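Input: a single structure, listed below in C-alpha coordinates.
Model, not experiment: these values are computed from the prediction.
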Amino acid sequence: QVQLVESGGGLVQPGGSLRLSCVASGRIFRLNTMGWYRQAPGKERELVADITSGGSTNYADSAKGRFTISRDNAKNTMYLQMNSLKPEDTAVYSCNAAASTLGAPYRSLDVWGRGTLVNVSS
(Lines give C-alpha, C1' and ligand atoms only; values in the text may rest on other atoms or scores of the structure.)
Protein backbone atom coordinates (compact mmCIF):
# COMPACT_ATOMS: atom_id res chain seq x y z
CA GLN A 1 0.00 0.00 0.00
CA VAL A 2 0.87 3.67 -0.02
CA GLN A 3 0.89 5.98 2.98
CA LEU A 4 0.86 9.78 3.07
CA VAL A 5 2.08 11.76 6.07
CA GLU A 6 1.68 15.52 6.36
CA SER A 7 3.76 17.88 8.50
CA GLY A 8 4.38 21.58 8.92
CA GLY A 9 1.11 22.77 10.36
CA GLY A 10 0.83 24.93 13.44
CA LEU A 11 -0.21 28.26 14.88
CA VAL A 12 0.72 31.34 12.88
CA GLN A 13 -0.27 34.98 13.04
CA PRO A 14 -2.24 36.61 10.22
CA GLY A 15 0.14 37.63 7.46
CA GLY A 16 2.57 34.87 8.34
CA SER A 17 3.79 31.89 6.36
CA LEU A 18 3.90 28.13 6.69
CA ARG A 19 5.27 25.35 4.54
CA LEU A 20 3.44 22.04 4.55
CA SER A 21 5.03 18.79 3.44
CA CYS A 22 3.48 15.50 2.41
CA VAL A 23 5.70 12.43 2.20
CA ALA A 24 4.55 9.29 0.43
CA SER A 25 5.92 5.90 1.40
CA GLY A 26 5.27 2.24 0.75
CA ARG A 27 5.48 0.03 -2.30
CA ILE A 28 5.05 2.92 -4.70
CA PHE A 29 5.09 2.32 -8.41
CA ARG A 30 3.86 5.74 -9.46
CA LEU A 31 2.42 8.90 -7.94
CA ASN A 32 0.19 10.68 -10.39
CA THR A 33 -1.73 13.83 -9.49
CA MET A 34 -1.26 14.95 -5.90
CA GLY A 35 -3.24 17.61 -4.13
CA TRP A 36 -3.80 19.58 -0.95
CA TYR A 37 -7.29 19.80 0.48
CA ARG A 38 -8.56 21.56 3.57
CA GLN A 39 -11.55 21.33 5.84
CA ALA A 40 -12.49 24.13 8.19
CA PRO A 41 -14.76 23.53 11.20
CA GLY A 42 -18.36 23.19 10.07
CA LYS A 43 -17.46 23.31 6.39
CA GLU A 44 -16.99 20.78 3.62
CA ARG A 45 -13.57 19.72 2.43
CA GLU A 46 -12.30 21.78 -0.46
CA LEU A 47 -9.45 21.58 -2.92
CA VAL A 48 -6.65 24.06 -2.27
CA ALA A 49 -4.27 23.10 -5.09
CA ASP A 50 -3.11 20.11 -7.05
CA ILE A 51 -0.15 19.18 -9.20
CA THR A 52 0.42 16.54 -11.84
CA SER A 53 3.47 14.32 -12.03
CA GLY A 54 4.71 16.59 -14.81
CA GLY A 55 4.37 19.69 -12.67
CA SER A 56 1.20 21.27 -14.01
CA THR A 57 -0.62 23.08 -11.22
CA ASN A 58 -4.17 24.12 -10.42
CA TYR A 59 -5.26 26.44 -7.60
CA ALA A 60 -8.47 27.37 -5.89
CA ASP A 61 -9.29 31.05 -6.25
CA SER A 62 -8.67 31.52 -2.52
CA ALA A 63 -5.11 30.21 -2.92
CA LYS A 64 -4.04 32.00 -6.07
CA GLY A 65 -1.23 34.49 -5.52
CA ARG A 66 -0.62 33.39 -1.93
CA PHE A 67 0.03 29.62 -2.01
CA THR A 68 2.50 27.66 -4.12
CA ILE A 69 2.29 23.90 -4.63
CA SER A 70 5.34 21.91 -5.67
CA ARG A 71 6.67 18.37 -5.61
CA ASP A 72 9.94 16.49 -5.63
CA ASN A 73 9.30 13.26 -7.48
CA ALA A 74 12.67 11.80 -6.48
CA LYS A 75 11.69 12.18 -2.82
CA ASN A 76 8.00 11.28 -3.24
CA THR A 77 7.23 14.55 -1.50
CA MET A 78 4.78 17.37 -2.14
CA TYR A 79 4.86 20.83 -0.59
CA LEU A 80 2.52 23.73 -0.05
CA GLN A 81 4.10 27.12 0.63
CA MET A 82 1.48 29.35 2.20
CA ASN A 83 2.13 33.09 2.48
CA SER A 84 -0.01 36.02 3.63
CA LEU A 85 -2.11 33.67 5.73
CA LYS A 86 -5.55 34.80 6.83
CA PRO A 87 -7.77 33.61 9.69
CA GLU A 88 -10.09 32.07 7.09
CA ASP A 89 -7.23 29.75 6.07
CA THR A 90 -7.60 27.96 9.41
CA ALA A 91 -8.37 24.32 8.68
CA VAL A 92 -7.05 20.78 8.68
CA TYR A 93 -4.95 20.40 5.56
CA SER A 94 -4.77 16.93 4.03
CA CYS A 95 -2.82 15.60 1.12
CA ASN A 96 -4.18 13.28 -1.51
CA ALA A 97 -2.54 11.22 -4.20
CA ALA A 98 -3.57 9.06 -7.11
CA ALA A 99 -1.08 6.25 -6.70
CA SER A 100 -0.27 2.80 -7.93
CA THR A 101 1.75 0.12 -6.20
CA LEU A 102 4.45 -2.27 -7.30
CA GLY A 103 2.04 -5.16 -6.89
CA ALA A 104 -0.65 -3.57 -9.08
CA PRO A 105 0.99 -0.94 -11.25
CA TYR A 106 -2.06 -0.37 -13.46
CA ARG A 107 -4.56 -0.01 -10.62
CA SER A 108 -5.02 3.55 -9.36
CA LEU A 109 -5.57 4.08 -5.65
CA ASP A 110 -7.01 7.21 -4.04
CA VAL A 111 -4.81 7.77 -0.99
CA TRP A 112 -5.30 10.30 1.83
CA GLY A 113 -3.14 11.46 4.67
CA ARG A 114 -4.50 12.14 8.15
CA GLY A 115 -4.02 15.88 7.93
CA THR A 116 -2.20 18.66 9.73
CA LEU A 117 -3.87 21.57 11.50
CA VAL A 118 -3.17 25.11 10.39
CA ASN A 119 -4.42 27.75 12.82
CA VAL A 120 -4.14 31.37 11.76
CA SER A 121 -4.81 33.56 14.75
CA SER A 122 -3.42 36.55 16.59
Side-chain angles (χ1 to χ4, degrees):
Q1 290 291 350
V2 178
Q3 297 82 37
L4 300 177
V5 178
E6 304 95 336
S7 62
L11 175 64
V12 62
Q13 292 187 342
S17 298
L18 282 175
R19 188 192 196 205
L20 306 184
S21 299
C22 172
V23 179
S25 63
R27 292 174 50 82
I28 299 169
F29 176 75
R30 182 176 177 86
L31 294 172
N32 295 308
T33 298
M34 300 181 73
W36 286 101
Y37 290 75
R38 69 184 183 186
Q39 186 167 21
K43 295 187 177 181
E44 293 188 354
R45 184 170 59 194
E46 62 178 0
L47 173 69
V48 177
D50 60 27
I51 182 168
T52 68
S53 57
S56 296
T57 59
N58 172 55
Y59 292 92
D61 287 344
S62 59
K64 289 178 181 177
R66 298 188 301 128
F67 295 180
T68 302
I69 190 171
S70 61
R71 63 191 286 174
D72 185 333
N73 291 329
K75 296 182 179 180
N76 291 334
T77 301
M78 176 179 63
Y79 306 96
L80 185 68
Q81 177 67 44
M82 303 187 294
N83 300 327
S84 302
L85 283 162
K86 306 174 182 179
E88 51 263 43
D89 294 317
T90 295
V92 174
Y93 285 70
S94 300
C95 65
N96 170 264
S100 59
T101 64
L102 294 171
Y106 300 107
R107 177 187 174 194
S108 183
L109 302 175
D110 187 32
V111 185
W112 289 90
R114 292 187 175 185
T116 184
L117 177 63
V118 172
N119 187 358
V120 185
S121 175
S122 54

Can you give me the closest heavy-atom contact between [X] and [Y], atom names plus distance?
X: Met34; Y: Ala97; answer: CG-CB, 3.9 Å
X: Gly115; Y: Val92; answer: CA-CG1, 3.9 Å
X: Gln39; Y: Ala91; answer: O-CB, 3.4 Å
X: Pro14; Y: Ser122; answer: CD-N, 3.7 Å
X: Leu109; Y: Gln1; answer: CD1-OE1, 3.6 Å
X: Ser100; Y: Arg107; answer: CB-O, 3.4 Å

With heavy-atom distances below 4.5 Å as the criterion, would you say the side chains of [X] and [Y] are in contact?
X: Leu102; Y: Phe29; result: yes
X: Leu31; Y: Asn73; result: no
X: Tyr79; Y: Thr68; result: no
X: Met82; Y: Leu20; result: yes
X: Phe67; Y: Leu85; result: yes
X: Tyr93; Y: Glu6; result: no

Straight-line distance of Cys22 SG to Asn96 CG, nearest 0.5 Å: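 Output value for this atom pair is 9.0 Å.
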Euclidean distance, Leu4 CG relative to Arg114 CZ, rounded to 0.5 Å: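 Arg114 CZ to Leu4 CG: 12.0 Å, rounded to 0.5 Å.
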Any side-chain donor near an acceptor of the partner, Ser53 and Asn32, under 3.5 Å: no
Cationic N near anionic O, under 4.0 Å, Asp61 to Lys64: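 So Asp61 pairs with Lys64 through a salt bridge.
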Ion pair check, Glu46 and Arg38, cut-off under 4.0 Å: yes
Among Leu47, Val48, Ile69, the one residue meeting side chain to side chain contact (heavy atoms under 4.5 Å, CB included) with Asn58: Leu47
Examine distances only and state if a side-chain atom of [X] and a backbone atom of [Y] form a donor-acceptor pair shorter than 3.5 Å.
X: Asn83; Y: Gly16; value: no
X: Thr90; Y: Val120; value: yes
X: Arg71; Y: Gly54; value: no

Steps toward side-chain contact (heavy atoms from CB on, under 4.5 Å) verdict (Ser25, Asn76): CA-CA 7 Å; Ser25 63; Asn76 291 334; over 6 Å; no
Common cluster, Leu80/Val12, ILVMFWY with side-chain heavy-atom separation under 4.5 Å: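 Yes, it is one cluster - the side chains of Leu80 and Val12 are joined through contacts under 4.5 Å.
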Connected via hydrophobic side-chain network under 4.5 Å: Tyr59 and Val118: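 Tyr59 and Val118: one cluster.
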Gln3 atom CD: more than 12 heavy-atom contacts under 6.0 Å: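 More than 12 within 6.0 Å, yes.
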